[in-house]
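All of these numbers come straight from a predicted model, not from anything done at the bench.
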There are 2 protein chains.
Amino acid sequence: MNRNYKAVKKYSSVKCISSKPSEERIKEAARKVFLKKGFDGTTSRDIAEEADMNIALTNYYFRSKEKLFLEIFKDLLNLYFQNTIDILNKDIDFKSKIFETIDHTYEMVSNEPDLCNFIVNEVHRAPERLIPDLNFLRQIRRTKFGEQLKEEIEKGNVRPIGIENIVPMLCGYIQFIFLGKNMHMKIFETNEEQFDAYAKDHKERIKEMIVCYLYNH
Amino acid sequence: MNRNYKAVKKYSSVKCISSKPSEERIKEAARKVFLKKGFDGTTSRDIAEEADMNIALTNYYFRSKEKLFLEIFKDLLNLYFQNTIDILNKDIDFKSKIFETIDHTYEMVSNEPDLCNFIVNEVHRAPERLIPDLNFLRQIRRTKFGEQLKEEIEKGNVRPIGIENIVPMLCGYIQFIFLGKNMHMKIFETNEEQFDAYAKDHKERIKEMIVCYLYNH
DNA sequence: TATAGTTTTAAATGTTTGTTTAAATTATGT
DNA sequence: ACATAATTTAAACAAACATTTAAAACTATA
């Protein structure tokens, strides 16, 4: 008997294709459970149960819970950052880019409500997990948006401000609203629908506030 | 033998005084570990080790890990909200109150760097834990600051905005900066000292931004 | 259809988990 | 000093944990 066929990648990729559905099902289940419960709160059995598969398969395909987590984490880190970086590099004017970045962040956290909490918490608990993706993350420091910002400041249109201050404004402020969603709903006794309306309104306020701050100096 | 003397509170409080140091030591250790690792990431043995005490004592004094957590959680929820509520009820003018609230939030998260992440994450994972403290939390909806805001809006000084929109601006925006501290330090390759300077600068920007937004309409 | 390659399974591995036990120790009131 | 109450201890508990095993069940192909 030879275990870890898949894990050690001993055989041709052609053969592996046949295993794709199972491997994919585990990843999808793991993604779902990790997002909801975090690494510490998730057990291998949770994942197997969610995927409706034998417990041994998670280790057969991914060798360990940690390695499976790191694959999911990498994907989710991409989902969290990649589109934003792309928008910041787009060929549109400065102010539109501000609005689009805020809108995109709002859409992202609306569509994947646990993503923010997951990323923020897992990075906080174990920041060393970021190291393999550091080069990817550092892209945020060198975007077309950064050049545009510099231009606008030099022209005197926009007040002096660094990229490290403005990006959290575009991405973080609306994220915080969703990070504290449950808290907000309890305090203000609202349901999901009412919260969504509130968040949407708040998003527009953030846009106006940032523009107001940048252009009035 | 009679176990759970302390836990079931069968005997006079005079006797219990002698146990205070131990009970307190466990609470302090638990607070420290829970803050750092969260509920799921903390084991009873972590706490006992941190307190340098026998494992059985956590259950002797608090009956279960869950009950011990809920005591800590209650305290930390208070630390997270009480002072802010007090400031919002203070007898100072509207704009000073805005600045003081932001400054206080900044001090709070500086002094207890894990507090924000802890509250945000634990409430997200198990919002039902808030229920015993709901009345306390709802105080935020009825503060002197709310009345002052209404006045300022009626006078036409400040743009129309609800308490549910303005309080997250005062508390949440600076919190987000600290929630993503590790992420920020990795992306921008800064050390603790540099991050603190950045956060302090950003705090002042938030103040100016909010005032700019509220008073220019 | 025989065979080798691959996937899935039930069962077991040794740890670690939260919690409990009963005995040993310390403190208290008289 | 003594009896009783309270605290602390080492050891054990069953359950849950991540992971591994070896055999069984598939699948592809020659």
Side-chain angles (χ1 to χ4, degrees), chain A residues 1-30 33-34 37-73 126, chain B residues 1-30 33-34 37-73 126:
Chain A
M1 201 230 81
N2 190 351
R3 56 168 296 281
N4 277 352
Y5 277 141
K6 190 61 211 331
V8 298
K9 291 177 181 176
K10 248 178 176 167
Y11 298 88
S12 75
S13 60
V14 182
K15 310 268 170 153
C16 290
I17 284 169
S18 67
S19 74
K20 259 270 176 80
S22 289
E23 190 173 339
E24 210 50 42
R25 267 171 65 201
I26 292 167
K27 261 190 102 171
E28 276 167 31
V33 182
F34 278 137
K37 302 190 182 184
F39 181 80
D40 288 334
T42 298
T43 71
S44 299
R45 277 164 186 82
D46 287 338
I47 296 168
E49 201 173 322
E50 176 69 38
D52 198 29
M53 298 183 84
N54 190 285
I55 317 163
L57 287 176
T58 68
N59 277 43
Y60 176 70
Y61 284 107
F62 299 96
R63 308 248 300 278
S64 72
K65 178 190 166 190
E66 175 79 18
K67 290 210 173 60
L68 173 54
F69 175 82
L70 288 175
E71 285 213 27
I72 309 287
F73 182 69
Chain B
M1 200 228 82
N2 190 349
R3 55 169 296 281
N4 276 353
Y5 277 140
K6 190 61 211 328
V8 298
K9 292 180 178 173
K10 250 180 174 167
Y11 299 89
S12 74
S13 60
V14 182
K15 312 264 168 154
C16 291
I17 283 170
S18 67
S19 74
K20 258 266 177 83
S22 289
E23 191 174 338
E24 209 52 41
R25 265 170 67 200
I26 293 168
K27 262 191 100 171
E28 276 168 30
V33 182
F34 277 136
K37 304 190 181 184
F39 181 80
D40 288 335
T42 297
T43 71
S44 298
R45 279 165 184 80
D46 287 339
I47 296 168
E49 201 173 323
E50 176 69 39
D52 198 29
M53 298 182 84
N54 190 283
I55 316 164
L57 287 175
T58 69
N59 277 40
Y60 176 71
Y61 284 106
F62 299 95
R63 310 245 301 277
S64 74
K65 179 191 167 190
E66 175 79 19
K67 289 209 173 63
L68 172 54
F69 175 82
L70 288 175
E71 285 212 27
I72 309 287
F73 182 67

Visitor: Measure CZ/A/R63 against P/D/dT19 and give the value in whole Å, please.
Guide: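 From A/R63 CZ to D/dT19 P: 11 Å.
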Visitor: Take atom CD1 of B/I26 and atom P of C/dT19, then tell me their distance rounded to the nearest Å.
Guide: 13 Å
Visitor: Under 4.0 Å, heavy atoms only, any strand: does A/S64 hit a base, just the sugar-phosphate, or nothing?
Guide: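 Result for A/S64 = sugar-phosphate.
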Visitor: Without decimals, in angstroms, what is the distance between A/D46 CG and D/dC17 C1'?
Guide: 11 Å
Visitor: Quick check for you: to the nearest 0.5 Å, what is the distance between B/Y61 atom OH and B/M53 atom CE?
Guide: 6.0 Å
Visitor: How long is the span from the CD atom in B/E71 to the CD1 atom in B/I26, to the nearest 0.5 Å?
Guide: 11.0 Å
Visitor: Using the test side-chain contact (heavy atoms from CB on, under 4.5 Å), find all partners of B/A56 that sit at least two apart in sequence or belong to another chain.
Guide: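 Applying side-chain contact (heavy atoms from CB on, under 4.5 Å) to B/A56 gives B/N54.
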Visitor: Mind checking what makes ring-ring contact (aromatic ring centres under 6.0 Å, His included) contact with A/F73, not counting sequence neighbours?
Guide: A/F69
Visitor: Looking at D/dT19, I'd like to know if its phosphate oxygens (OP1 or OP2) sit under 4.0 Å from a side-chain N or O belonging to A/T58.
Guide: no
Visitor: Pairs in or reaching into residues 39-49 of chain A: which pass salt bridge (charged side-chain N to carboxylate O under 4.0 Å, His left out), with residues at least two apart or in two chains?
Guide: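 Matches after skipping sequence neighbours: A/K37-A/D46.
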Visitor: State which residues pass side-chain contact (heavy atoms from CB on, under 4.5 Å) with B/E66; sequence neighbours excluded, sorted by chain then number.
Guide: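 Counting only residues at least two positions away or on another chain, B/E66 forms a side-chain contact (heavy atoms from CB on, under 4.5 Å) with B/F39, B/S64, B/L70, B/R129.
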Visitor: In whole angstrom, give the distance that lies between atom CG of A/L68 and atom C1' of D/dA18.
Guide: 12 Å
Visitor: Do any side-chain nitrogens or oxygens of B/T43 fall under 4.0 Å of OP1 or OP2 in C/dT16?
Guide: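 So the side chain of B/T43 is outside the cut-off, no N or O lying under 4.0 Å from OP1 or OP2 of C/dT16.
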Visitor: A/Y60 side chain N/O closer than 4.0 Å to the phosphate oxygens (OP1, OP2) of C/dT7?
Guide: yes
Visitor: Specify the separation, in whole Å, of atom CG of A/D40 and atom C1' of C/dG18.
Guide: 16 Å
Visitor: Check the distance between C/dT16's C1' and B/E49's CD and give it to me in whole angstrom.
Guide: 14 Å
Visitor: Separation of A/Y61 atom OH from C/dT6 atom P, in whole Å?
Guide: 12 Å
Visitor: Applying side-chain contact (heavy atoms from CB on, under 4.5 Å), can you list everything that pairs with B/A48, at least two apart in sequence or on another chain?
Guide: B/I55
Visitor: Which atom pairs link the protein and nucleotides 9-13 of chain D when you take only N or O atoms and keep those under 3.5 Å?
Guide:
residue, atom, partner, partner atom, Å
D/dA10, N7, B/N54, ND2, 3.2

Visitor: Nearest whole angstrom, please: distance from the C1' of D/dT20 to the CG of A/N59.
Guide: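 One finds 8 Å between C1' of D/dT20 and CG of A/N59, rounded.
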